[in-house]
Visitor: 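Just passing along the structure, written as structure tokens.
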Amino acid sequence: MTIQNYLTRAEELRDQLIADRRVLHGYAETGFDLPKTTAYVEARLRELGLTPVRCGRAGITCVIGKGDGPCLLLRGDMDALPMAEESGLPFAAENGHCHSCGHDTHTAMLLTAARLLAETAGELKGSVKLMFQPAEELLAGALDMLENGLLENPKVDAGLGLHISVGGGEETAVGKISYKPGIANYSGDAIRVTFEGKDAHGSTPHKGVDAINIACHAAIALQEIMAREVPMDERTMVLVGTIHGGSSCNTAAGSCAIEVSVRAADRETRDFLKRRVKEICEGTAAAFRGKAEVEFVYGMPSLYNDPAICAEMSATCRELFGDGEVIELTGLSGTEDFTAVAERIPAAMFHLGVGSIAEGHTCGAHNPKMVVDESALPRGAALYAACAARYLERHAGK
């Protein structure tokens, strides 16, 4: 099959691809708890004559092609977010969760790519390993699969991930392909801080230690990191996303917890920010006669897109879609646990535009009202399959 035939065939499979996406969208399961999603993926792979294999707590892998020669990994994540959907779509999830990061589209595109590759398995110059991943939103699913042999049997030589992009500029226009060589994503860390004080009646606050007061001072103090402790052009973020404490309006709270998100472009800055969050919270608590317990819940370093893989995959994309459809980015995007894969093998994450602001898409990722233009999805499936086939062809015999 020629490169262009992958795109033609993906367009022919558009209806099934969209049907898969809508079923998965309605499931909207989170973390590692994906029973309906994984059952659906396994059933669809078996329908193609393939053999899905469980990898870790909820991951699925599948190998297509010859057992010898080079091997490329294709990754699609499967989990949703724990927020109620507000899209108004007729196939919207009704379980209090939603696919507002687009992982349902990733899974559906990878399933279609599996069909494209299965139909041409005899022509492949090596093997393709599919990675259907859970718990990306927890930054835990990729590590779990890696620890359970993801990159072995067969040994994986390189990796490619694909993520949709919506609600931004030119790069999010329907069907556009974008990528960024080198550091491409921020690191991401979730930190929970529990402030301990002492309960007291509202009429005698001097007899207690107000943990809410401590938390509020700490939340404000944390913003001084950005204002005074990192260069103005440094790509960093410290965000207090939640605060919970107290039992009644007339009681000084004995306990209050905040959750903090920290992002940075490089590892040195990431380590500095995490250290300062701990120091500021503990110091603020001590200043107000309380204590702070700092817990680093989960985290992931910044994603490094291998420049050679970027060059190779972008060349295939330009061949497939045309030069004007492929954009090299300069800025960074969110956090990705595909980082864990890219730390072990040469790998890159590409993006597929599914609706820009100019096209009327005002809601970006992690917004419960987000919708995507499904007409772009065959392009993603073709990208997966064509990049895999071309990579194997280029590296056969090396």
Side-chain angles (χ1 to χ4, degrees), residues 28 30-33 77 79-86 96-98 100-101 103 134-143 185-197 199 209-227 229-230 235-247 252-265 267 269-288 290-302 332-337 339-340 364-368 370:
T30 61
F32 289 100
D33 188 18
D77 37 6
D79 58 316
L81 284 158
M83 59 172 66
E85 183 165 352
E86 300 175 15
H97 304 155
C98 74
S100 56
C101 203
H103 297 181
E136 192 282 328
E137 295 297 347
L138 301 180
L139 301 179
L143 276 172
N185 287 73
Y186 294 102
S187 65
D189 288 277
I191 307 170
R192 181 181 295 113
V193 185
T194 303
F195 297 99
E196 295 297 335
D199 290 306
V209 175
D210 190 344
I212 291 179
N213 182 56
I214 297 172
C216 290
H217 277 84
I220 294 171
L222 289 174
Q223 302 313 303
E224 294 302 306
I225 300 175
M226 304 291 295
E229 298 188 21
V230 295
R235 292 168 172 170
T236 59
M237 189 274 292
V238 178
L239 170 71
V240 177
T242 71
I243 180 167
H244 299 282
S247 57
S255 179
C256 186
I258 63 173
E259 292 179 322
V260 185
S261 177
V262 171
R263 298 178 190 266
R267 299 191 178 215
T269 304
R270 178 194 182 204
D271 291 342
F272 171 76
L273 295 178
K274 291 170 65 177
R275 183 175 73 252
R276 289 298 289 141
V277 168
K278 179 177 172 61
E279 291 171 349
I280 288 171
C281 288
E282 290 178 341
T284 302
F288 289 96
K291 295 181 180 179
E293 179 183 345
V294 181
E295 177 188 1
F296 295 96
V297 182
Y298 60 79
M300 186 64 59
S302 54
L332 304 185
S333 55
T335 302
E336 251 295 341
D337 83 340
T339 296
H366 289 218
N367 187 310
M370 187 192 83

Visitor: Starting at OH of Y186, measure out to OG1 of T269 and round the result to the nearest 0.5 Å.
Guide: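 Output value for this atom pair is 11.5 Å.
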Visitor: side-chain contact (heavy atoms from CB on, under 4.5 Å) for F296 and K274? Distances and angles first, verdict last.
Guide: CA-CA 9 Å; F296 295 96; K274 291 170 65 177; 3.7 Å; yes
Visitor: Which pair of heavy atoms, one from C101 and one from H366, lies closest together, and at what distance?
Guide: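 Shortest heavy-atom contact: SG-NE2, 3.3 Å.
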Visitor: Under the side-chain contact (heavy atoms from CB on, under 4.5 Å) test, which residues partner A265, sequence neighbours left out?
Guide: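 With sequence neighbours excluded, A265 shows a side-chain contact (heavy atoms from CB on, under 4.5 Å) to R235, L332, given in chain and number order.
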Visitor: Roughly how far apart are L273 CG and D189 CG, rounded to 0.5 Å?
Guide: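 Taking CG in L273 and CG in D189, the distance rounds to 9.0 Å.
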Visitor: Could you tell me which residues satisfy ring pair (Phe, Tyr, Trp, His ring centres under 6.0 Å) with H97, sequence neighbours excluded, listed by chain and number?
Guide: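 Partners of H97 under the ring pair (Phe, Tyr, Trp, His ring centres under 6.0 Å) test: none.
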Visitor: Is there side-chain contact between L139 and T339, with at least one heavy-atom pair below 4.5 Å?
Guide: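 Contact flag for L139/T339 side chains = no.
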Visitor: side-chain contact (heavy atoms from CB on, under 4.5 Å) for T236 and F272? Distances and angles first, verdict last.
Guide: CA-CA 11 Å; T236 59; F272 171 76; over 6 Å; no
Visitor: Taking the side chain as every heavy atom from C-beta outward, state whether R276 and E224 have any pair of such atoms under 4.5 Å apart.
Guide: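 The answer is no; the side chains never approach within 4.5 Å.
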Visitor: Quick one: list whatever passes ring pair (Phe, Tyr, Trp, His ring centres under 6.0 Å) with F288, sequence neighbours left out.
Guide: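 Ring pair (Phe, Tyr, Trp, His ring centres under 6.0 Å) check on F288 returns H217.
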Visitor: Identify, with sequence neighbours excluded, every residue that meets side-chain contact (heavy atoms from CB on, under 4.5 Å) alongside H244.
Guide: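 H244: side-chain contact (heavy atoms from CB on, under 4.5 Å) contacts with T242.
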Visitor: Holding to side-chain contact (heavy atoms from CB on, under 4.5 Å), I want the full list of residues that pass it with S100, two or more places apart in sequence or in another chain.
Guide: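 With sequence neighbours excluded, S100 shows a side-chain contact (heavy atoms from CB on, under 4.5 Å) to L81, M83, C98, given in chain and number order.
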Visitor: Within the structure provided, determine whether L222 and T284 are in side-chain contact (heavy-atom separation under 4.5 Å).
Guide: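 Heavy-atom side-chain distance check fails, nothing below 4.5 Å.
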Visitor: I'd like to know if the side chain of T194 reaches the main chain of E293, judged simply by a donor and an acceptor atom lying under 3.5 Å from each other, with no hydrogens or angles considered.
Guide: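 Such a contact is absent between T194 side chain and E293 backbone.
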Visitor: Under 3.5 Å, is there a donor-acceptor pair linking the side chains of S302 and R270?
Guide: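 Judged by distance alone, the side chains do not pair up.
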Visitor: Between atom SG of C281 and atom CD1 of I258, what is the distance when rounded to the nearest 0.5 Å?
Guide: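 The CD1 atom of I258 is 4.5 Å from SG of C281, to the nearest 0.5 Å.
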Visitor: CD1/I225 to CD1/I280 distance, rounded to the nearest 0.5 angstrom?
Guide: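 Between atom CD1 of I225 and atom CD1 of I280 there are 3.5 Å.
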Visitor: Could you go step by step and tell me if K278 and R275 meet the side-chain contact (heavy atoms from CB on, under 4.5 Å) rule?
Guide: CA-CA 5 Å; K278 179 177 172 61; R275 183 175 73 252; 5.9 Å; no
Visitor: Would you name the heavy atoms of A211 and G197 that are closest together and state the gap between them?
Guide: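 What the structure gives for the nearest pair is CB-N, 4.0 Å.
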Visitor: Which atom names give the shortest non-hydrogen contact between A292 and V193, and what distance separates them?
Guide: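 Nearest heavy atoms, A292 then V193: CB-CG1, 4.1 Å.
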Visitor: Quick one, T30 with D79, criterion side-chain contact (heavy atoms from CB on, under 4.5 Å). Give me CA distance, side-chain angles, the key distance, then yes/no.
Guide: CA-CA 5 Å; T30 61; D79 58 316; 5.5 Å; no
Visitor: More than 12 heavy atoms of other residues, nucleotides or ligands under 6.0 Å from CD of E295: yes or no?
Guide: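 Above 12, so yes.
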Visitor: Could you tell me the separation between the CZ atom of R263 and the OG1 atom of T335, rounded to the nearest 0.5 Å?
Guide: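 It is 3.5 Å, given to the nearest 0.5 Å.
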Visitor: Using distance alone, with no hydrogens and no angle criterion, decide if S333 and N185 have a side-chain donor and acceptor under 3.5 Å apart.
Guide: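 There is such a pair between these side chains.
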Visitor: Verify salt bridge (charged side-chain N to carboxylate O under 4.0 Å, His left out) between E196 and K291, making sure each step is shown before the conclusion.
Guide: CA-CA 5 Å; E196 295 297 335; K291 295 181 180 179; over 6 Å; no
Visitor: Using the side-chain contact (heavy atoms from CB on, under 4.5 Å) criterion, which residues pair with I212? Sequence neighbours excluded.
Guide: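 Listed in chain order: D210, C216, A253, C256.
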